[in-house]
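Order of the sequence lines sets the chain letters (A, B, ...), proteins ahead of strands, with each chain counted from 1. The analysis underlying the following values was restricted to heavy atoms, covering all of them including side chains, and did not include hydrogens, waters or symmetry mates.
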2 protein chains.
Amino acid sequence: MNIGQAAEATGVSAKRIRYYEQVGLLEPPQRSDAGYRVYEARDLHTLHFIQRARRLGFSLAQVSELLALWHDQGRSSGQVKAVAMKHIDELHSKIDELQSMVDTLTHLAKRCDGGDRPDCPILSELQRSES
Amino acid sequence: MNIGQAAEATGVSAKRIRYYEQVGLLEPPQRSDAGYRVYEARDLHTLHFIQRARRLGFSLAQVSELLALWHDQGRSSGQVKAVAMKHIDELHSKIDELQSMVDTLTHLAKRCDGGDRPDCPILSELQRSES
DNA sequence: CTAATCCTTCCCACGACGGGAAGGTCAAGG
DNA sequence: CCTTGACCTTCCCGTCGTGGGAAGGATTAG
């Protein structure tokens with residue numbers, strides 16, 4: 001199976017597959033006589049795994065940890081859970097940060113009439129001279 | 001006022017100030033005989049403005065729009081509000097995306113006992129073979 | 001035989017900076 | 001007057017996770 005077919009089968013672009021190989025997430029696959037990458041079923045499994053972890057927002061570094069744990073028969077579920085919990089914390093922080101931006105902006109936008117006149121509390125807030 | 005003092009005064013690093021100038025957010029300031037950038041009060045106002053807009057999560061492109069509106073005497077508050085509302089929408093989308101990751105992960109983490117045994121629903125979910 | 005479609009490696013770009021090198025400038029103190 | 005240290009300048013590289021595209025070889029279908 002060539003890279004294009006692997007991409008088709010997994011929904012991971014050929015570009016990304018090569019990148020994952022380059023950064024060490026994916027084992028370098030067999031090569032055909034012409035130098036084409038040849039993928040096996042287990043490579044597709046790994047790609048699916050990476051794809052799902054990425055959709056859950058894990059960084060490639062975290063995906064790398066998860067892959068290592070996946071392959072490690074001696075892992076404990078506690079190790080996996082720790083990676084997940086840390087990620088959940090990061091997501092919560094990010095959400096809180098974005099939510100506070102939304103709160104401030106929504107408050108300002110409400111006070112902005114949105115008409116043709118130039119007066120705008122949003123700009124007033126941005127140009128305020130105090131901290 | 002040199003760049004270091006402007007940085008000190010506004011909390012925007014000298015690196016960032018130069019970068020904002022490079023990408024056209026900030027007017028190139030006067031230069032001293034030796035080629036040092038010399039900042040005036042209005043440059044500091046602009047830096048404060050940029051700083052606040054960045055804290056609200058606007059991209060530099062959006063900050064650029066806001067600065068243009070700020071300087072445009074003929075603007076309407078509706079134009080400003082439109083930029084803000086678009087940004088609020090983007091923030092909401094991002095929050096929803098992150099929240100759905102949190103929901104999935106929290107659900108999985110709850111079912112993972114976190115002990116020493118290797119069985120882990122998080123890994124099981126990631127390696128699932130169906131879509 | 002040729003044309004289309006694959007594949008390869010390579011470099012460039014994004015956004016929004018930070019780090020650090022190499023070199024010029026300025027102010028204070030000996 | 002000279003040195004030292006703190007400042008400033010430009011320049012290039014790295015981040016993170018890709019996408020785009022060029023140049024060139026391989027394969028396949030007609």
Side-chain angles (χ1 to χ4, degrees), chain A residues 1-26 28-40 43 46-47 49-67 86-87 90-91 93-94 97-98 101, chain B residues 1-26 28-40 43 46-47 49-67 86-87 90-91 93-94 97-98 101:
Chain A
M1 186 176 233
N2 287 343
I3 198 169
Q5 294 159 325
E8 183 78 14
T10 61
V12 179
S13 73
K15 279 276 188 186
R16 248 178 293 171
I17 296 176
R18 293 196 197 94
Y19 178 70
Y20 292 159
E21 179 186 333
Q22 188 192 323
V23 299
L25 277 191
L26 205 57
Q30 296 293 114
R31 297 282 186 138
S32 72
D33 290 351
Y36 286 19
R37 288 171 179 81
V38 178
Y39 294 95
E40 310 290 335
D43 299 312
T46 304
L47 279 170
F49 185 101
I50 296 172
Q51 175 92 322
R52 289 222 177 74
R54 292 289 295 141
R55 285 203 189 124
L56 289 176
F58 288 103
S59 68
L60 292 192
Q62 288 171 317
V63 174
S64 182
E65 288 185 61
L66 291 170
L67 280 171
K86 178 147 180 282
H87 181 43
E90 292 162 354
L91 289 169
S93 300
K94 193 71 189 169
E97 190 190 339
L98 300 184
M101 292 171 181
Chain B
M1 184 175 234
N2 287 342
I3 199 171
Q5 294 159 322
E8 183 78 12
T10 59
V12 179
S13 75
K15 278 279 190 183
R16 243 180 294 171
I17 296 176
R18 291 194 199 95
Y19 178 70
Y20 292 159
E21 179 186 332
Q22 189 194 322
V23 299
L25 276 192
L26 204 57
Q30 295 294 114
R31 296 284 185 134
S32 72
D33 290 351
Y36 285 20
R37 289 171 178 82
V38 177
Y39 294 95
E40 311 289 335
D43 299 313
T46 305
L47 280 171
F49 185 102
I50 296 172
Q51 175 91 322
R52 289 223 176 74
R54 292 290 295 139
R55 286 205 187 120
L56 289 176
F58 288 102
S59 68
L60 291 193
Q62 288 171 317
V63 174
S64 182
E65 288 185 61
L66 291 171
L67 279 171
K86 178 146 180 281
H87 181 42
E90 292 162 354
L91 288 169
S93 300
K94 193 70 188 169
E97 190 190 339
L98 299 183
M101 292 172 182

Among C:dT8, C:dT25, D:dG17, the nucleotide that comes nearest once only the side chain of B:Ala34 is considered: C:dT25

Protein-nucleotide distance (B:Leu26, atom CG; C:dA16, atom P), rounded to Å: 16 Å

Value in whole Å for how far the C1' atom of D:dG21 lies from OH of A:Tyr19: 19 Å

Sugar-phosphate, base or nothing in reach of A:Ser32, heavy atoms under 4.0 Å: nothing

Intermediate values then yes/no, salt bridge (Lys or Arg N to Asp or Glu O under 4.0 Å), A:Lys94 and A:Glu90: CA-CA 6 Å; A:Lys94 193 71 189 169; A:Glu90 292 162 354; over 6 Å; no

Rounded distance (Å) that lies between atom P of D:dG19 and atom CD1 of A:Ile17: 11 Å

Whole angstrom value for the distance that separates P of C:dC7 from CD of A:Glu8: 11 Å

Residue-phosphate contact under 4.0 Å: B:Arg16 side-chain N/O, C:dG19 OP1/OP2: no

Sugar-phosphate only, base, or nothing, as touched by B:Arg18 at under 4.0 Å among non-hydrogen atoms: base

Length of the CZ-P vector between B:Arg55 and C:dA16, whole Å: 16 Å

side-chain N/O A:Arg37 vs C:dT9 OP1/OP2, d < 4.0 Å: yes

Rounded interatomic separation in angstrom, taking CD1 from A:Ile50 and P from D:dT18: 10 Å

Short side-chain N/O contact to C:dC17 OP1/OP2 from B:Tyr20, under 4.0 Å: yes

A:Gln30 atom CD, neighbour heavy-atom count above 12 within 6.0 Å: no

Backbone N/O of A:Ala6 and side chain of A:Thr10: donor-acceptor pair under 3.5 Å: yes

Residue B:Glu8 excluded, over 12 heavy atoms near CD under 6.0 Å: no

5'-most by nearest nucleotide on DNA chain D - A:Lys15 or B:Tyr36: B:Tyr36

Interatomic distance, A:Gln5 CD vs C:dC6 C1' [rounded to whole Å]: 10 Å

5' precedence on DNA chain D between A:Asp33 and A:Ser13 (nearest-nucleotide basis): A:Ser13

Per B:Arg31 side chain, nearest of listed nucleotides D:dC8, C:dC7, D:dT10: D:dT10

Sidechain-backbone polar pair: A:Arg52 side chain, A:Leu56 backbone, donor-acceptor under 3.5 Å: no

